[in-house]
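Written below as structure tokens is the structure these notes are about.
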Amino acid sequence: MAETELEKPSAAGTDASSPRLDFIRELIEEHNRIGRFGQRVHTRFPPEPNGYLHLGHAKSICLNFGLALEYGGKANMRFDDTNPVKEEQEYVDNILADVRWLGFDWEDRLFYASDYFDQLYQWAIQLIKMGKAYVDDLTADQIREYRGTLTQPGKDSPFRNRSVEENLALFEQMKNGDFPDGSRVLRARIDMASPNINLRDPVLYRILHAEHHRTGDKWCIYPMYDWAHGQSDSLEGITHSICTLEFEDHRPLYEWFIDTLGIHKPQQIEFARLNLTRTVMSKRKLIKLVQDNYVRGWDDPRMPTISGARRRGYPPAAIREFVSATGVAKSNGTVEYAMLEYYIRQDLNKTSPRVMAVIKPLKVVITNYPEGQVEEFDAVNNPEDPSAGTRKVPFSKVLYIEQDDFMENPPNKFFRLAPGREVRLRYAYFIKCENVVKDADGNVTEVHCTYDPTTRGGDAPDGRKVKATIHWVSAAHAVQSEVRLYESLYTVENPNDLPEGKEFTDFINPNSLQVVSNAQVEPSLKTAQAGQRFQFERLGYYCVDPDTTTSQLVFNRTVTLKDEWAKVQKNG
RNA sequence: UGGGGAGUCGCCAAGCGGCAAGGCUCCGGACUUUGGAUCCGGCAUUCGUAGGUUCGAAUCCUACCUCCCCAGCCA
């Protein structure tokens, strides 16, 4: 990842102009006011290393690390690695890289729930000794039956009243690997009739003879997430444990653990996760897209993963701005993808060098331009940033323009090139279309124009105006490139809410990727490096794909420019 | 039909008893050597519904409706 992002988020940060606090910041300030945590703010981002991070995680990352920055606190990075059968080192490496790329720093505070396995084991023994945990021999199916339903209370397991000594001995044997997987579990002894199902004697440990990516074969019992999470927060001195809504009714359980163990109690706060239109974010579905080759990998630019966004050309600062603009609340909603794109464009407009590139070339011959002559014009690199300077762009008799910039029979509102019409070639001359050359099928293959030498630079001394300025590239100097054009991966607005019997993969957009192999770009791009972002003038933002080699440039379309003409066409 | 949450403009989202912020989208218009950017202007007499309290309610009370989450030895 040849990526240098100098802009880091800061406490003064993303939107200093917003004095309004969301409910989380309100709570934190209340805690600071009453001194609940001694003015301390300590958060954490706790992913499970069983997949890649996506835009939904980005919101949590920005919130947790952002809060720490804002309140002069700290944020930890912690992997909730309690299920060895699903977790892999590859995922931890990529998750770490993604968080870093987003601009956040956990300094020396990288932790793993597996760091706490010994402590967790001791606490389990403590619970057993208090008569608050027991080894259950029921099968998984039986446990489910005994648990009751949403409307009916559960009933006690016949093993619920074993002696402390027996529980201790059995639990020890579980740890020693004396029992096969699934044969027994350790359960908390709380209340089988609780209206909150999480409190009906939840499983604390299960037997799993599996190799863990960090602890190897040291353990054959592994703590459940519910047993590990709250205590991990507690051990790290977390003050504000921010998570998503579905954990709201786990909070009483976490607090029960912490209260009966008598250890530091963080404040858990739940917020609504980020959902996006035209996007699927569940890990299961993302894995399916990758495994069944609907996309080219986790970092496919069509994926909503952080690595996909990076490859697509989304700047990390834009993602942060977007996430911050969506706000923090408790109501479930789905943000329109257009809002994300707005923030991507807003960032790119200020930061991307402009360049001329023709994606669907149409040959133009300037009939009155001297054969063999080459001129160089100065082109502005970024009108939004004068310090970006200028560059030279070569011009000659044969050019390429965009097919979309020419129409033989133009409708009223079409301002671009057409027979008899004059337009400006950006930074160069006015040209007028004199006639066209067609192939056997009647398609225009070449446009013959004349140029007005007095319009050099782009203005006519006689003051005449032109309705359009189009981009171009000199055929003799152009660099042929591959350009990958992306559209939504789905044909429907909400691939998460489908008619009965339909799967999200039934609505994959067959045109989500269009590869153009003969795009022609200006020669200054010849040395562009993977990860660099540009605005192809009048088209959109593009970034150099890592597939680029010394002999072949490959660009990804990040997002198009807003297109007034497209709107005119669409609305008739 | 248990428990836990949520309902304010097409989409996010402020609002915390004094008379509906802001952003995105959308629609006008100005400007323009990117039909980009920028700039101006428009866009909820109404806050899930129905009652009630109050001089006054999106904000308080009552009832109802709708949506989301929970019955993994997943996280």
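Just so it is clear: chains get the letters A, B, ... in the order the sequence lines come, proteins before strands, and each one is counted from 1.
U1(B) is unpaired under the criterion used here, namely a Watson-Crick or G-U wobble arrangement in which both key atom distances are under 3.5 Å. G51(B): Watson-Crick or G-U partner is C61(B), with both key distances under 3.5 Å. Under the Watson-Crick or G-U wobble criterion, with both distances below 3.5 Å, C19(B) has no partner in any strand shown. For A6(B), the paired nucleotide is U66(B), the pair qualifying as Watson-Crick or G-U wobble because both relevant distances are below 3.5 Å. Summarising the base pairing, A37(B) is matched to no nucleotide, lacking a Watson-Crick or G-U wobble pair whose two defining distances lie under 3.5 Å. When both distances must be under 3.5 Å, the Watson-Crick or G-U wobble mate of A71(B) does not exist.
Side-chain atoms of Val335(A) lie closest to C12(B) of the nucleotides G5(B), C12(B), C16(B). Of the candidate nucleotides C24(B), G35(B), C69(B), C69(B) has the atom nearest to the side chain of Glu246(A). In this structure, the nucleotide among C16(B), G35(B), G36(B) sitting nearest to the side chain of Lys562(A) is G36(B). In the set C24(B), U34(B), A6(B), U34(B) carries the atom at the smallest distance from any side-chain atom of Pro383(A). Listed candidates were C74(B), G3(B), A75(B). Nearest to the side chain of Asn196(A) is G3(B). Of the candidate nucleotides A13(B), U34(B), A75(B), A75(B) has the atom nearest to the side chain of Asn83(A). Closest to the side chain of Glu564(A), out of G35(B), A75(B), C26(B), is G35(B). For Asp249(A), the side-chain atoms get nearest to G4(B) when compared with the rest of G4(B), C73(B), U34(B). Of the candidates C74(B), C27(B), A71(B), A71(B) carries the atom nearest the Arg144(A) side chain, counting heavy atoms from C-beta on.
Figure legend: cation-pi geometry between Arg162(A) and Tyr134(A) absent, as NZ or CZ is not positioned both under 6.0 Å from the six-membered ring centre and within 45° of its axis. Geometric assessment of Lys285(A) against the ring of Phe504(A) yields a positive cation-pi assignment under the 6.0 Å and 45° thresholds.
Nucleotides A37(B) and C31(B) are separated by 11 Å at their C1' atoms, to the nearest Å. Taking the P atoms as reference points, A21(B) lies 23 Å from C26(B), given to the whole Å. Taking atom C1' on both A75(B) and U53(B), the two are 47 Å apart, rounded to the nearest angstrom. A gap of 15 Å separates the P atoms of A63(B) and U1(B), to the nearest Å.
Classification of G72(B) as syn follows from a glycosidic angle within 90° of 0.
Neither OP1 nor OP2 of G36(B) sits under 4.0 Å from any side-chain N or O of Arg345(A). In this structure, Arg147(A) reaches the C73(B) phosphate: one of its side-chain N or O atoms is under 4.0 Å from OP1 or OP2. Close to A13(B), at under 4.0 Å from its OP1 or OP2, lies a side-chain N or O of Ser331(A). Contact annotation: Thr82(A) reaches the phosphate of A75(B) (side-chain N/O to OP1 or OP2, under 4.0 Å). Within the 4.0 Å cut-off from OP1 or OP2 of C24(B), at least one side-chain nitrogen or oxygen of Tyr342(A) is found.
Salt-bridge check for Lys86(A) with Glu48(A): failed, with every basic side-chain N at 4.0 Å or more from each acidic carboxylate O. With salt bridges taken as basic N to acidic carboxylate O contacts below 4.0 Å, none links Glu236(A) and Arg44(A). Looking at Glu537(A) and Arg426(A), a side-chain N of the basic residue comes within less than 4.0 Å of a carboxylate O on the acidic one, giving a salt bridge. The pair Glu402(A)-Arg416(A) does not meet the salt-bridge criterion, since no charged nitrogen lies less than 4.0 angstrom from a carboxylate oxygen. In summary, Glu270(A) and Arg251(A) engage in a salt bridge, as defined by a charged side-chain N under 4.0 Å from a carboxylate O. Using a 4.0 Å cut-off between a side-chain N of Lys or Arg and a carboxylate O of Asp or Glu, Asp115(A) and Arg78(A) do not qualify as a salt bridge. Salt bridge status for Glu145(A) with Lys155(A): absent, with no side-chain N to carboxylate O gap under 4.0 Å.
Residue Arg251(A) is out of contact with every strand shown, counting any heavy-atom pair closer than 4.0 Å. Looking at heavy-atom distances under 4.0 Å, Ala140(A) makes contact with a base. Residue contacts shown for Glu26(A) include a base, since a base heavy atom lies under 4.0 Å away. As judged by a 4.0 angstrom heavy-atom cut-off over every strand, Gly333(A) is placed among residues touching the sugar-phosphate backbone only. Within 4.0 Å (heavy atoms only), Leu340(A) reaches no atom of the nucleic acid at all.
As a whole-Å value, the separation of His250(A) NE2 from G4(B) P is 14 Å. To the nearest angstrom, P of G36(B) lies 16 Å from CD1 of Ile470(A). Atom pair Leu274(A):CG and G23(B):P shows a separation of 20 Å (rounding to whole Å applied). Residue Lys467(A) contributes atom NZ, which lies 15 Å from atom P of U34(B) at whole-angstrom precision. G22(B) atom P lies 14 Å from atom OH of Tyr343(A), rounded to whole Å. Rounded to an integer number of Å, the gap from Asp405(A) CG to G36(B) P is 14 Å. The NZ-P distance, from Lys567(A) to G36(B), rounds to 9 Å in whole Å. With rounding to whole Å, Met407(A) atom CE is found 16 Å from G35(B) atom P.
Of the residues near RNA chain B, Leu150(A) and Asp563(A), the one whose nearest nucleotide (by heavy atom distance) lies more toward the 5' end is Leu150(A). Residues Phe536(A) and Gly148(A) both approach RNA chain B. Their nearest nucleotides, taken by heavy-atom distance, put Phe536(A) toward the 5′ side.
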Side-chain atoms of residues 560-572 of chain A: list all donor-acceptor pairs with protein atoms under 3.5 Å, sequence neighbours left out, distances to 0.1 Å.
{"unit_1": "Asp563(A)", "atom_1": "OD1", "unit_2": "Trp565(A)", "atom_2": "N", "d": "3.1"}
{"unit_1": "Asp563(A)", "atom_1": "OD1", "unit_2": "Ala566(A)", "atom_2": "N", "d": "3.0"}

Pairs: protein N or O with nucleotides 65-68 of chain B N or O, under 3.5 Å:
{"unit_1": "C68(B)", "atom_1": "O2'", "unit_2": "Asn332(A)", "atom_2": "ND2", "d": "3.3"}

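Of all the residues in residues 197-207 of chain A, Ile197(A), Val203(A), Arg206(A) reach under 4.0 Å from RNA chain B with at least one non-hydrogen atom.
Aromatic rings from Tyr91(A) and Tyr52(A) are positioned such that their centres are separated by under 6.0 Å.
Sorted by first and then second residue, the pairs that involve residues 333-345 of chain A and meet side-chain hydrogen bond (donor to acceptor under 3.5 Å, both in side chains), not counting sequence neighbours, are Tyr314(A)-Tyr337(A), Tyr342(A)-Gln346(A). Residue pairs satisfying the salt bridge (charged side-chain N to carboxylate O under 4.0 Å, His left out) criterion with at least one member in residues 181-199 of chain A, sequence neighbours excluded, are listed as follows: Asp136(A)-Arg187(A), Asp137(A)-Arg184(A).
At a cut-off of 3.5 angstrom, counting only N and O atoms as typed in the model, there is a donor on one side and an acceptor on the other between the side-chain of Glu336(A) and the base of G10(B). Side-chain to base pairing of Glu384(A) with G36(B): one donor and one acceptor N or O lie within less than 3.5 Å of each other.
Residues that satisfy the side chain to side chain donor-acceptor pair (under 3.5 Å) test with Thr139(A), not counting sequence neighbours, are Gln142(A).
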